Protein chains: 2
Amino acid sequence: MTEIQKSILNNGMKVTPQRLAVLKFLKNNRIHPTAEKVHSELLKDYPSLSLTTVYKTLAKFVEEGMIKELDIDPNKMRFDICVDDHDHFHCQVCDNVYDIFYDKKNCDDNLQKCNGEGHRVDSVSVNFKGVCKYCEGMSAGVL
Amino acid sequence: MTEIQKSILNNGMKVTPQRLAVLKFLKNNRIHPTAEKVHSELLKDYPSLSLTTVYKTLAKFVEEGMIKELDIDPNKMRFDICVDDHDHFHCQVCDNVYDIFYDKKNCDDNLQKCNGEGHRVDSVSVNFKGVCKYCEGMSAGVL
DNA sequence: GTTCGTGCAAATCTTTTGCAGTTTC
DNA sequence: GAAACTGCAAAAGATTTGCACGAAC
């Protein structure tokens, strides 16, 4: 039994080809895909996979804490396999989302000082916006 | 001529009752409302105001840099009058969004160190999630 | 065999668009 | 009066739901 199969079972879900495919895709493609992206990419190998199932599968994974929803894209939800704490950069040109491993220690110190202004803070996410190095390179005529 | 009228004119827009109403609402109610919220609140005083006009008005204000869109709510867009740089706390219980005035200086120092991992960073927003003091108080039986 | 998962079609929710009529400058 | 604005109805895009059939345990 593979690790992927185990992690589905361990979270109280039945193991199905669809779930294996979605989870494997997320593990192997750290591109913070939308549901639509997951679906269109997997259609090649699983022609009968429905978009509805992708949505339901992703929702289930989120519910079980296996993946996270990213509120970084104004129009669509993006999904990210849970790994070490990290943040995200959203390119305004190509629309891709990149991981940023960013030391939040000082931020957290400040947060403690302002004490969340009295609210109970459960999570902090830092979202960067701009132009990614690939798009910037192209517009500068470097690539 | 009021300040509100001036700021609409100065941004190259025509002054209409609808725009005055929307802008006044945003200035007087720092609640980061959705378009729907703006519309439903203004209906009391402007019964013929359409939701479409609210959307178009908000889009225009964003285009002119008078307000900002907040990507903090997964389902709907929220709008915020532009003031000093600040961040937001999103309560997972009541769904309200609160301003957080949070010293990002140390964050920015770190950002310079990691240099945006090679990307050109134009803006950084810090989003807090949790339970606000009002909801927390209620569940604790304090209020 | 029971429970859970899948996928179709239809519904829902937010936001956008086309267009005819109206208002602003 | 020309250009911009409003609001209706319809469309669009993302996501959810109801339900019958099928697969997993």
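Just so it is clear, the structure is predicted and the values come from calculations on it, not from any experiment.
- Checking A:M13 against B:A59, the closest nucleotide of DNA chain C that is more toward the 5' end is the one next to A:M13.
- Contact annotation: B:T53 side-chain N/O to D:dG7 OP1/OP2 distance is under 4.0 Å.
- Atom pair B:L51:CG and D:dC8:P shows a separation of 11 Å (rounding to whole Å applied).
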Look for any protein N or O under 3.5 Å of an N or O in nucleotides 20-24 of chain C and output each such pair with its distance, or none.
{"from": "C:dT24", "atom 1": "O2", "to": "B:K14", "atom 2": "NZ", "distance (Å)": "2.9"}

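- Between the A:R78 side chain and the A:H32 main chain, a donor and an acceptor come within less than 3.5 Å of each other.
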Walk me through it: do A:F79 and A:V62 pass the test side chain to side chain contact (heavy atoms under 4.5 Å, CB included)?
CA-CA 9 Å; A:F79 298 88; A:V62 169; 4.0 Å; yes
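- Between B:H119 and A:Y98, the ring centre distance stays below 6.0 Å.
- Look at B:T52 and you won't find any side-chain N or O under 4.0 angstrom from OP1 or OP2 of D:dG7.
- The NE2 atom of B:H39 sits 13 Å away from the P atom of D:dT6 (whole-angstrom rounding).
- Contact between the side-chain N/O atoms of A:Y55 and the OP1/OP2 oxygens of D:dT15 is found at a separation under 4.0 Å.
- Taking atom NZ of residue A:K60 and atom P of nucleotide D:dT16, one finds them 14 Å apart after rounding to whole Å.
- In this structure, the CD atom of A:E64 is 12 Å from the P atom of C:dC4, given to the nearest Å.
- Atom CD in A:E136 sits 11.5 Å away from atom SG in A:C94 (nearest 0.5 Å).
- A salt bridge links B:K6 with B:E3: the distance from a Lys NZ or Arg NE/NH1/NH2 to an Asp or Glu carboxylate oxygen falls below 4.0 Å.
- In summary, of the residues considered (A:E63, A:E64, A:K68), a side-chain contact (heavy atoms from CB on, under 4.5 Å) with A:M66 occurs for A:E64 alone.
- Among the heavy atoms of the strands lying under 4.0 Å from B:S48 are primed sugar atoms or P, OP1, OP2 only; no base atom is included.
- Among the atoms of the strands shown, only primed sugar atoms or phosphate atoms (P, OP1, OP2) are found under 4.0 Å from some heavy atom of A:Q18.
- Note that the NE2 atom of B:H88 and the CG atom of B:D80 stand 4.0 Å from one another [nearest 0.5 Å].
- Rounding to the nearest 0.5 Å gives a distance of 11.0 Å between CG of B:N75 and OG1 of B:T34.
- Where B:R19 and A:F79 meet DNA chain D, the nucleotide closest to each residue was compared, and B:R19 sits on the side nearer the 5' end.
- Regarding B:D73, its CG atom lies at a distance of 15 Å from the C1' atom of D:dA14, rounded to whole Å.
- Atom CD1 in A:I8 sits about 14 Å away from atom C1' in C:dC4, given to the nearest Å.
- The base of C:dG5 has none of its N or O atoms less than 3.5 Å from a complementary donor or acceptor on the side chain of A:K56.
- Rounding to the nearest 0.5 angstrom, the gap separating the CG atom in B:N127 from the OG atom in A:S125 is 4.5 Å.
- Comparing the helix axis at one end of the helix from C:dG1-D:dC25 to C:dC25-D:dG1 with that at the other, each defined from 5 consecutive pairs, gives an inter-axis angle of 40° (nearest 10°).
- Taking OH of B:Y55 as the reference point, atom CD of B:E36 lies at 7.0 Å (rounded to 0.5 Å).
- Atom OH in A:Y46 sits roughly 17 Å away from atom C1' in C:dG7 (whole-Å rounding).
- One atom, CZ of B:R78, and another, P of C:dT14, lie 11 Å apart when rounded to the nearest Å.
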